[in-house]
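The next block holds one structure in the form of structure tokens; read it before the comments.
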Amino acid sequence: MSDATELAIRVTDLTRTYQSQDGAPERTALDQISMAVPHGEVHGLLGPNGAGKTTLCKILSTLLVPTSGSATVSGFDVTHEYKRIQPLVGIVFGGEKGLYNMMTAADNLHFWAGLYNVKRSVAKERVPRLLDLVGLRGRAHDRVDTLSRGMRQRLHLARGLIGDPRILILDEPTVGMDPIAAQEFRNLIRDLREDNITFLLTTHNMAEAESLCDRVSFIDSGKLLHCESPHALRRSMSSRHRIVAKSVPGDIAAQLEQRVDVEQVRLTDSSEAHIDLTDKRAAQEVLFFLTDIGIDEVSLAPATLEEVYIQLIGERGMELGS
Ligand SMILES: Nc1ncnc2c1ncn2[C@@H]1O[C@H](COP(=O)(O)OP(=O)(O)OP(=O)(O)O)[C@@H](O)[C@H]1O
């Protein structure tokens, strides 16, 4: 057996192209991507519109075949052993796909249980349990078109779990949810981690990726740019050095702003000063200076994942993936 069996997902030199209509050149959605995701990891797929994230999710859930290269899920090849993969993988696509509006929440889950070959007796126990898990037991007998968008997303998650998957692929699962519903959804994912489910999560929400993911892969124009923990990425990729200090007097803030290596000094509502500097050395100097004059609530703050994203991908903005 190959070492791929130790991994939930292994992708090797994976390329996927799409034929275009009207004789236009074919489009390369994934360009020789390689990555490995161990069991139990929450792995984020980040990148701009058209980067290739959904294409990767579809290949791993055996909805699409690769053009070249290979991918395995729990050691099974997506092209040749897709029947072994299907029972292991749950898919949750954001938006409207995958639920039948005219059917009730419970009937939708029973329907999908049938497609996943879940025994009736098992489904009878599992459907109410999953509805409970996603907070929809009270709406079990309501038609899907009477549920709010956030509720439908939670029902999507229950649908993704109906086959008792080992790997759950979530493609923008919180899109369109209000902040509370999205928070509850994230809490659910944290709870599910306890069951050692592996998650592949596509999101444009950097705070979500930062709070949920063990590691993230940045994809841009079908290529993998970086694959690291959010924390490591924030530390290694950031060219920004920010000092956060409490109770900085106005004259000191003004004095710091005069330094050539200080980009900006911003005073926040919580009486913190955010001092952005051009390099690490300058940051250390300012750090020493502040502690010297008795300001002891002072620290270096790494960039957020969102800032790293903008740094990596932002400059090309809307051109990407077009
Ligand atoms: N069925 C298709 N036919 C032709 N081209 C496609 C098809 N599906 C996707 N593409 C193209 O492949 C590229 C990658 O698309 P994909 O949907 O994988 O990106 P994405 O990263 O998921 O984007 P988004 O964040 O907008 O959902 C894009 O250029 C897209 O236009």
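Note that ligands are numbered from 1 as they come in the structure, with each ligand's atoms numbered from 1 the same way.
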Requested in this report: Test side-chain contact (heavy atoms from CB on, under 4.5 Å) on Arg159 and Leu109 and set out the steps.
Outcome: CA-CA 6 Å; Arg159 184 184 61 74; Leu109 295 186; 4.0 Å; yes

Report task. Within a distance under 4.0 Å of any heavy atom of Ala51, pick out the atoms of ligand 1 and give their elements. Result ->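 Within the 4.0 Å cut-off of Ala51, ligand 1 contributes 19 (O), 20 (P), 21 (O).
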
Query raised in the report: Which atoms of ligand 1 have any heavy atom of Glu172 under 4.0 Å away?
Result: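 Heavy-atom distances to Glu172 below 4.0 Å select 25 (O), 27 (O).
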
Query raised in the report: Within a strict 4.5 Å, meaning less than it, do heavy atoms of the Leu224 and Ile219 side chains meet?
Result: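 Heavy-atom side-chain distance check passes, below 4.5 Å.
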
Query raised in the report: So Tyr309 and Phe218, would you call those rings parallel, tilted or perpendicular, with 30° and 60° as cut-offs?
Result: tilted

Query raised in the report: Side chain or backbone of Lys53 under 4.0 Å from ligand 1, or both, or neither, by non-hydrogen atoms?
Result: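 Both backbone and side chain.
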
Requested in this report: Kindly confirm or rule out an N or O of Ala29 lying under 3.5 angstrom from an N or O of ligand 1.
Outcome: no

Query raised in the report: Which option out of Gln19, Lys58, Arg27 puts a heavy atom nearest to atom 11 (C) of ligand 1?
Result: Arg27

Query raised in the report: Between the main-chain N or O of Ile162 and the side-chain N or O of Arg126, is there a donor-acceptor pair closer than 3.5 Å?
Result: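 Confirmed, Arg126 side chain pairs with Ile162 backbone.
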
Among the heavy atoms of [X], does any lie under 4.0 Å from an atom of ligand 1?
{"X": "Gly47", "result": "no"}
{"X": "Cys57", "result": "no"}
{"X": "His204", "result": "yes"}

Query raised in the report: When hydrophobic residues are tied together by side-chain contacts of less than 4.5 Å, even through go-betweens, does Ile252 share a cluster with Phe288?
Result: no

Query raised in the report: Does the pair Arg281/Asp279 count as a salt bridge with the N-to-O cut at 4.0 Å?
Result: no

